[in-house]
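Structure first, then comments.
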Amino acid sequence: MADARTLFIDGPAGKLEAAARVAEESRGAVVLAHPHPLYGGTLHNPVIFHADRELNRAGMTTLRFNFRGVEGSDGFHDDGRGEIGDVAAAAAYARDLAPGRPLILVGYSFGSRCAIAHATNDPTVAGVVAIGLPVRLWSFPDIPALGRPLAVVQGTRDEYGTIDEVKAVIGGANPPGRLYEIAGATHLFPGRAPEAGKVVGTAVEDMLRVLAATIG
């Protein structure tokens, strides 16, 4: 596993603090977007951290970043509007770290909202993995227009989206979204961040196989 390198990338509201792990022979690039900034979300979130490690161990180049106004990032919180542009900046930077390889976005809760919204308008994104999809907080109208693989890692006791509610939302995706359940876990995955990170790694591996089959 590569060491995490702290860096700053150019975002629409100024510099965005980030941490990158560059794989020697990268199989692809993954951008990881953290949960809601106003409720403690940062690039150091335990689930994001463990997912980052799992993905890099599997040969992926990873980029975690802080949304605008979080820790060392410039700017101010914009309630999910400007943050879509932050994802775009991170995606562009990650794409250059692994040119010609699949680019996948991983977003946790608020981060999933921003990742899906960006991916809908960026044809270079190969797929999206959402963690804790908060369907009780947002309607996710972009999902039917995504048109690329979508995976969701969801605790069966998530307060912001039951399994049935999530299935109803991602069933409208084309292709239909794939659900990975973590039994008994709530939205924050307390004490289970490493497990959640491993499931994210599995979801990305499955997505890469689907993409390879499509290309082949």
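In terms of heavy atoms, L63 sits closest to A90 at CD2-O, 3.4 Å. The two residues C114 and E83 make their nearest non-hydrogen contact at SG-CB, 3.8 Å. Annotation for A151 and A203: closest pair CB-CB, 4.1 Å, computed over non-hydrogen atoms. Across all non-hydrogen atoms, the minimal contact from A23 to T61 is N-OG1, 3.0 Å.
Applying the side-chain contact (heavy atoms from CB on, under 4.5 Å) test between S112 and each of V152, L133, L150 identifies L133 as the sole match. Under the ring pair (Phe, Tyr, Trp, His ring centres under 6.0 Å) rule, F67 has a single partner from F76, Y108, F110, which is F110. H118 pairs in a side-chain contact (heavy atoms from CB on, under 4.5 Å) with only one of the listed residues (D86, L105, V31), which is L105.
Residues N56 and T62 bring no donor and acceptor atom of their side chains to less than 3.5 Å of each other. Side chain to side chain, S109 and H187 meet the donor-acceptor criterion of an N or O pair below 3.5 Å.
Of the possible polar contacts, none joining the E71 side chain to the T42 backbone as a donor-acceptor pair under 3.5 Å is found. Side chain of T186 to main chain of R157: no donor-acceptor pair is present (N/O by atom type, distance under 3.5 Å, no hydrogens or angles). Under a 3.5 Å cut-off, the side chain of R27 and the backbone N or O of A58 do form a donor-acceptor pair.
Applying the 6.0 Å contact sphere to CZ of F8 captures more than 12 heavy atoms from other residues, nucleotides or ligands.
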Where do D122 and R95 land on the side-chain contact (heavy atoms from CB on, under 4.5 Å) test, with the steps shown first?
CA-CA 12 Å; D122 182 354; R95 191 181 303 116; 3.1 Å; yes

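A 4.5 Å side-chain heavy-atom check between V128 and R148 finds every atom pair outside the cut-off. Side chains of H36 and R113 form no contact here, defined as non-hydrogen atoms less than 4.5 Å apart. A 4.5 Å side-chain heavy-atom check between H77 and D79 finds at least one atom pair inside the cut-off.
Scored by the ring-ring contact (aromatic ring centres under 6.0 Å, His included) test, F49 finds no partners at all (sequence neighbours excluded). Scanning for ring-ring contact (aromatic ring centres under 6.0 Å, His included) contacts around H50 gives an empty result, with sequence neighbours left out.
With salt bridges taken as basic N to acidic carboxylate O contacts below 4.0 Å, one links K15 and D10. With salt bridges taken as basic N to acidic carboxylate O contacts below 4.0 Å, none links E195 and K198.
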